[in-house]
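Numbering of ligands and ligand atoms starts at 1, following listing order. All of these numbers come straight from a predicted model, not from anything done at the bench. Computation of the quantities below employed the complete heavy-atom set of this structure, encompassing side-chain atoms and omitting hydrogens, waters and symmetry-equivalent molecules.
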Amino acid sequence: MEDIIKLKHVTKIYKMGAEEICAVNDVSLRIHREEVCCLLGKSGSGKSTLLNLIAGLEKPTAGQIIFHKKHMERMTEDQLANFRQKYVGFVFQSYNLLPTLTALENVTLPLIFRQVPLKERQERAMEMLEAVGLADRANHLPREMSGGQQQRVSIARAFINTPEVVFADEPTGNLDTKTTYEMMDLITGLAKKNAQTLVIVTHDLELSEYADRIVVLHDGKIDHVEEKKATTESNTVQ
Ligand code: ADP
Ligand code: MG
């Protein structure tokens with residue numbers, strides 16, 4: 001499988017006064033096109049920092065991050081913002097919906113940044129809400145929806161541009177078990193259908209069942225990588 005992102009000796013050090021925290025320590029990793037890659041590790045192992053580096057939300061202290069043959073560590077903030085709009089979608093643990101916008105309006109946001117005309121925006125956002133099973137909540141505000149419903153809206157928003165890579169940081173961290181599996185089925189199902197690459201952060205070993213490959217982190221380093229063979233069969237047969 002072709003690599004979509006390459007990390008070479010990536011390190012991220014946070015300075016806290018006189019103290020230095022090495023959140024990601026000399027990580028080299030390749031993300032394969034169309035895979036579901038899970039970053040698994042305990043709290044504080046550097047999962048979110050690594051995800052944010054790969055997604056262009058943060059810059060490394062050292063090392064190289066190459067996406068589409070471009071060096072992300074050399075990009076300016078504007079170039080990174082542009083890159084994120086073009087190629088990536090995000091799902092966060094806390095949904096990150098805009099509280100004053102309806103479900104439909106939240107889903108249209110990425111299309112506004114891309115200057116898609118209003119009518120097309122609304123049609124496409126409605127289709128996405130249908131795809132996540134929320135057409136009947138289109139005009140609800142986030143506070144008028146359950147956690148699971150809010151996460152469905154944020155999933156619809158993340159996928160509406162069919163970005164090449166979707167990043168999810170503990171997407172089910174605030175949800176009950178049943179909703180967690182519904183959400184994981186939804187995210188991985190959408191990604192497989194559209195041949196998108198998915199990078200998911202979790203501390204939950206059970207959720208890594210959804211992954212084609214599990215990258216286990218410990219103290220900012222890769223502890224080991226587990227490959228799963230014939231994923232679709234092993235997930236459906238058993
Ligand atoms: P995880 O997502 O696996 O829980 P994080 O990537 O959030 O881990 O954090 C890894 C380490 O880096 C932790 O020790 C954390 O306290 C530290 N860290 C994360 N973000 C920052 C920050 N913005 N400033 C200082 N330290 C940070
Ligand atoms: Mg985290």
Using a distance-only test with no angle check, is there a side-chain donor-acceptor pair under 3.5 angstrom linking Gln149 and Tyr95? no

Is it the case that one hydrophobic cluster holds both Val36 and Ile5, taking links as side-chain heavy atoms less than 4.5 Å apart, direct or via other members? no

One thing to verify: whether Glu209 and Lys228 come together as a salt bridge, which I'm taking to mean a side-chain N less than 4.0 angstrom from a carboxylate O. no

Please determine if Ile21 has a nitrogen or oxygen closer than 3.5 Å to a nitrogen or oxygen of ligand 1. no

Sidechain N-carboxylate O distance under 4.0 Å for Glu226, Arg213: no

Distance to 0.1 Å, residue and atom name: give those for the protein heavy atom nearest to atom 1 (P) of ligand 1. Gly44 N, 3.5 Å

For atom 7 (O) of ligand 1, the protein heavy atom that lies nearest, with its residue and separation: Ser48 CB, 3.8 Å

Nearest non-hydrogen protein atom, atom 26 (N) of ligand 1: Tyr14 CD1, 3.5 Å

Verdict with reasoning, Glu164 to Arg33, per salt bridge (charged side-chain N to carboxylate O under 4.0 Å, His left out): CA-CA 9 Å; Glu164 282 185 55; Arg33 190 176 287 280; 3.3 Å; yes

Is ligand 1 less than 4.0 angstrom away from at least one heavy atom of Gly41? no

One finds that the ligand 1 atoms under 4.0 Å from a non-hydrogen atom of Lys42 are 3 (O)

If I take every N, O or S atom of Ser43, is at least one of them less than 2.8 Å from the Mg ion (ligand 2)? no

Using distance alone, decide if ligand 1 has a nitrogen or oxygen within less than 3.5 Å of any nitrogen or oxygen in Met16. no

